[in-house]
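We name chains A, B, ... by the order of the sequence lines, and we start the count at 1 in each one.
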Amino acid sequence: MGQQTEQGQEDILKRLKQAKAIAAKVGDRYVDISALETKSQETSDTLGQGQQTIEPVTVESPEGLGIYRHSTSHIMAHAVKELFPDAKVTIGPATEEGFYYDFDQETPFTPDDLVKIEKKMIQIIKKNNPFVRKVVSKADAIQLFKDMGETYKVEIIEEIEDDVVSLYEEGEFVDLCRGPHVPSTGRINAFKLLKTAGAYWRGSEKNKMLQRIYGTAFANETQLKDYLNFLEEVKKRDHRKIGKELDLFSINDEIGAGLILWHPNGAIIRKTIEDFWRDEHIKANYSLLYTPHIAKLNLWQRSGHLDFYKENMYAPMEIEGADYELKPMNCPFHVAIYNSSLRSYREFPIRYAELGTVYRYERSGVLHGLMRVRGFTQDDAHIFCRIDQIEDEILNVLDFTLFVLKTFGFEQYDIYLSTRPEKYVGSLDNWEISTNALTKALTTKELKYEVDPGEGVFYGPKIDIKVKDSLKRQWQCSTIQVDFNNPERFDITYRGADDKEHMPIMIHRALMGSLERFFGVLIEHYGGVFPLWLSPLQLSILTVSDRHIAFAQELVDLFKKNGIRVEGDFGNEKIGYKIRHASMRKVPYTVLIGDKEAQTATLTVRKRSGGNIVYNSREELLDFLKQEINNKT
RNA sequence: GCCGAGGUAGCACAGUGGUAGUGCAGCUGAUUCGUAAUCAGCAGGUCGUGGGUUCAAAUCCCAUCCUCGGCUCCA
């Protein structure tokens, strides 16, 4: 029976009210609360037949928050239409962080406009207009929006397959919308408009550029403030800002956009990372390689890069009549080394690793500090093996990757398995075997992962690992990809136990992805407060007055001889000034040398985080530092 | 590439047509001082670059390079 008693309905409404619901979930559908109040045809359709569960939806749930933000975006569109009657509305969805609405509007919105729009929105919220859902025929809707001059809405409606569409009316503002919405505008407690941006209609640069306004909304002011604080924290940790403050790297107009200059402080961090990386690769039975930065065009023809990667490659340069190309990837070189001699199955798996610098053309608008550059060094490796060895190799690589990430303080990550896309090379058999091998490796490791169907690279399935930094932001660094393409294209083989020729499988993998990007992520993850082993300067020795210089110099020499990155600050400034100076540069430890220290063997060490530790001798301090460096914590 | 905002001393910023400024950093001198800024003096800029308008341009116009926020894609 689709009929509900008056009593039952009232109970439900009461329950929703008590739960402070902004919408309801009926079965697996989200509906307006008003849908439960009225008894229209559509309502009974919505409620369906028989007994479906009816759950309150609150702003506390992700879905509820999405509905809430979507309603806020409607209110914003309403405000914009009142202030800018000529603006045409397009779409305005909720996003993970908030919402946006795109308008077709001649003059872009200014920051002042945002303030005006916010004020207008507050008025609309105060009016507490109900959101009224109306279902009309497509033809009626088209006519309605045509009359209003809302051509984008007409375009959207024409593409909707149903015979009817729903409209939401709130005050004088009507918008095409699937819904649901909060019951009335007064339900919005806390929102903020954040920024404006250009955005193409339907995301295609062939279409007109629209004006987008981003905003966000939360259940209450406290949560909104927390979010705004988070944005502040993100700004504070911006690797470009910290990179300047700590003198880590720079980008120079005259050298070129997207090309990184590693300053001494950044370079020593990179050197430390690279040393760690090489040592661990040797331990893990990889062979290290070096390969050139350019190669003949023919190589890139054969590898297929000219077919599928041309947009990201620089124009060739002619050298003695032959064209050479700056390398966008390292794989063909590694294949060439594989091919430099006949290979036997007994050598397998062959693991080649290189910190290979590649150059890729990126459009000027997408460059971003260290995160998106035009020249970068990949921590690349290629594993050549038999198809039955894939699973073991993936297991190894997974262990290795997680170990490396953990060393840099990344303990949380999300893992994605991408399967065969529509356009692909290689046999279906190989795809199946290798996808199964990846899956099995993940389940053996009991790693949680999500499947991205059809998101694999055309040459094979892959596993991507996205780390979460200290602000819980996701960064994709590691990738493990099976490759059927290169072995075929370069026709590489090995001699099997059966004395026949076979084609090996290649696995590409990068743990950190690109050193530049990884460095950027590290800077933001640590907020510039690097652990001791990575800190450019590990120890600063400060003198209280000139008569302590000789003694302090002795200590500097001792620590330097023992591999500690140490400086002596012997200037004639006051001690407070020197401490501040070290503190601003985030030096992990400082030692003050005054009369006390010159007379006793005791050393008092000031930690970057504040607080002192006392050591009985310089050797004791040295041991402590060495141990902390070794622990990489 | 497209839309918008920017580019002034090493850094952070002020300066709307009339002799380029402030703070920090730097250098010099004084001070020799015990846990986040001692004092004084000095020096530092063809105002991103190239054109144009004007008696006069950091300032107005055009072009160009770069940076930033997005769009698209990704490491």
Say we look at [N] and [M]: how far apart would their [atom1] atoms be, to the nearest angstrom?
N	M	atom1	result
B/A12	B/G45	C1'	16 Å
B/A36	B/C42	C1'	27 Å
B/A9	B/A20	P	15 Å
B/U67	B/C73	P	22 Å
B/U19	B/C27	P	33 Å
B/U72	B/U16	C1'	38 Å
B/G29	B/G48	C1'	37 Å
B/A58	B/C13	P	22 Å

- Of the listed B/C33, B/G1, B/G34, the closest approach to the A/R547 side chain comes from B/C33
- Would you mind telling me which of B/U35, B/A75, B/A36 lies closest to the side-chain atoms of A/M584? B/A36
Which residues in [range] have at least one heavy atom lying under 4.0 Å from any atom of RNA chain B?
range	result
residues 357-373 of chain A	A/E362, A/R363, A/S364, A/G365, A/V366, A/L367, A/H368, A/G369, A/M371, A/R372, A/V373
residues 513-524 of chain A	A/S514, A/R517
residues 209-218 of chain A	A/M209, A/Q211, A/R212, A/Y214

- Message: Holding to side chain to side chain contact (heavy atoms under 4.5 Å, CB included), I want the full list of residues that pass it with A/S303, two or more places apart in sequence or in another chain.
- Response: A/W300, A/H305, A/P332, A/N486, A/F490
- Message: A/I255: which residues meet the side chain to side chain contact (heavy atoms under 4.5 Å, CB included) condition with it, sequence neighbours left out?
- Response: A/N252, A/L259, A/L261
Would [X] and [Y] pass as an ion pair if we require N to O under 4.0 Å?
X	Y	value
A/E245	A/R585	no
A/R212	A/D102	yes
A/E233	A/K236	yes
A/R618	A/E554	yes
A/E573	A/R580	no

- Message: Taking the six-membered ring of A/F333 as reference, does the cationic atom of A/K327 (NZ for Lys, CZ for Arg) lie under 6.0 Å from its centre and within 45° of its axis?
- Response: yes
- Distance under 6.0 Å and angle within 45° of the ring axis: does A/R69 meet both against A/F99? no
Complementary nucleotide for [N] - Watson-Crick or wobble, under 3.5 Å:
N	answer
B/C2	B/G70
B/A20	none
B/G41	B/C27
B/A56	none
B/U32	none
B/A63	B/U49

- Query: A/K607 side chain to A/P588 main-chain N or O, any donor-acceptor pair under 3.5 Å?
  - Reply: no
- Task: Measure the spacing between CD1 of A/I273 and CG of A/D275 and express it to the nearest 0.5 Å.
- Result: 10.5 Å
- Query: Relative to the 5' end of RNA chain B, which residue comes earlier, A/Q476 or A/P108, by the nucleotide with the nearest heavy atom?
  - Reply: A/P108
- Query: Of A/T479 and A/G258, whose closest RNA chain B nucleotide lies nearer the 5' terminus?
  - Reply: A/G258
- Task: Just jot down the salt bridge (charged side-chain N to carboxylate O under 4.0 Å, His left out) partners of A/E362, sequence neighbours excluded, or say none.
- Result: A/R372
- Query: Applying the side chain to side chain donor-acceptor pair (under 3.5 Å) test to A/D414, which of A/K466, A/Q474, A/Q476 qualifies?
  - Reply: A/Q474
Which part of the nucleic acid does [X] contact within heavy-atom distance under 4.0 Å: base, sugar-phosphate only, or nothing?
X	result
A/D595	base
A/E455	nothing
A/G594	base
A/L592	base
A/K578	nothing

Quick one: is [X] getting a side-chain N or O under 4.0 Å of the [N] phosphate, OP1 or OP2?
X	N	result
A/R202	B/U72	no
A/R580	B/U35	no
A/K195	B/G70	yes
A/R585	B/A25	no
A/Q378	B/A75	no
A/R606	B/A36	yes

- Under 6.0 Å between ring centres, would you say that holds for A/Y101 and A/Y214? no
- Check A/V566 against A/L537 and note the closest heavy-atom contact, atom names and distance. C-CD1, 3.8 Å
Atom pairs under 3.5 Å, N or O on each side, protein against nucleotides 9-12 of chain B: can you list them with distances?
from	atom 1	to	atom 2	distance (Å)
B/A12	OP1	A/K244	NZ	3.4

- Encode nucleotides 38-50 of chain B as B, S and - characters from 5' to 3', where the letter depends on protein heavy atoms closer than 4.0 Å: B to the base, S only to sugar-phosphate, - to neither. B------------
- Sequence neighbours left out, what pairs pass ring-ring contact (aromatic ring centres under 6.0 Å, His included) with at least one residue falling in residues 576-599 of chain A? A/Y589-A/F624
- Message: Once salt bridge (charged side-chain N to carboxylate O under 4.0 Å, His left out) is applied, what residue pairs with a partner in residues 509-522 of chain A remain, sequence neighbours excluded?
- Response: A/R270-A/E516
- Message: List the residues meeting ring-ring contact (aromatic ring centres under 6.0 Å, His included) with A/Y200, not counting sequence neighbours, and say none if there are none.
- Response: none
- Query: How would you list, by chain and number, every residue that makes a side-chain hydrogen bond (donor to acceptor under 3.5 Å, both in side chains) with A/K586, sequence neighbours excluded?
  - Reply: none
- Query: How long is the line joining CZ of A/R374 and P of B/U67, in whole Å?
  - Reply: 8 Å
- Rounded to whole angstrom units, what separation is found between the CD atom of A/Q599 and the P atom of B/G34? 14 Å
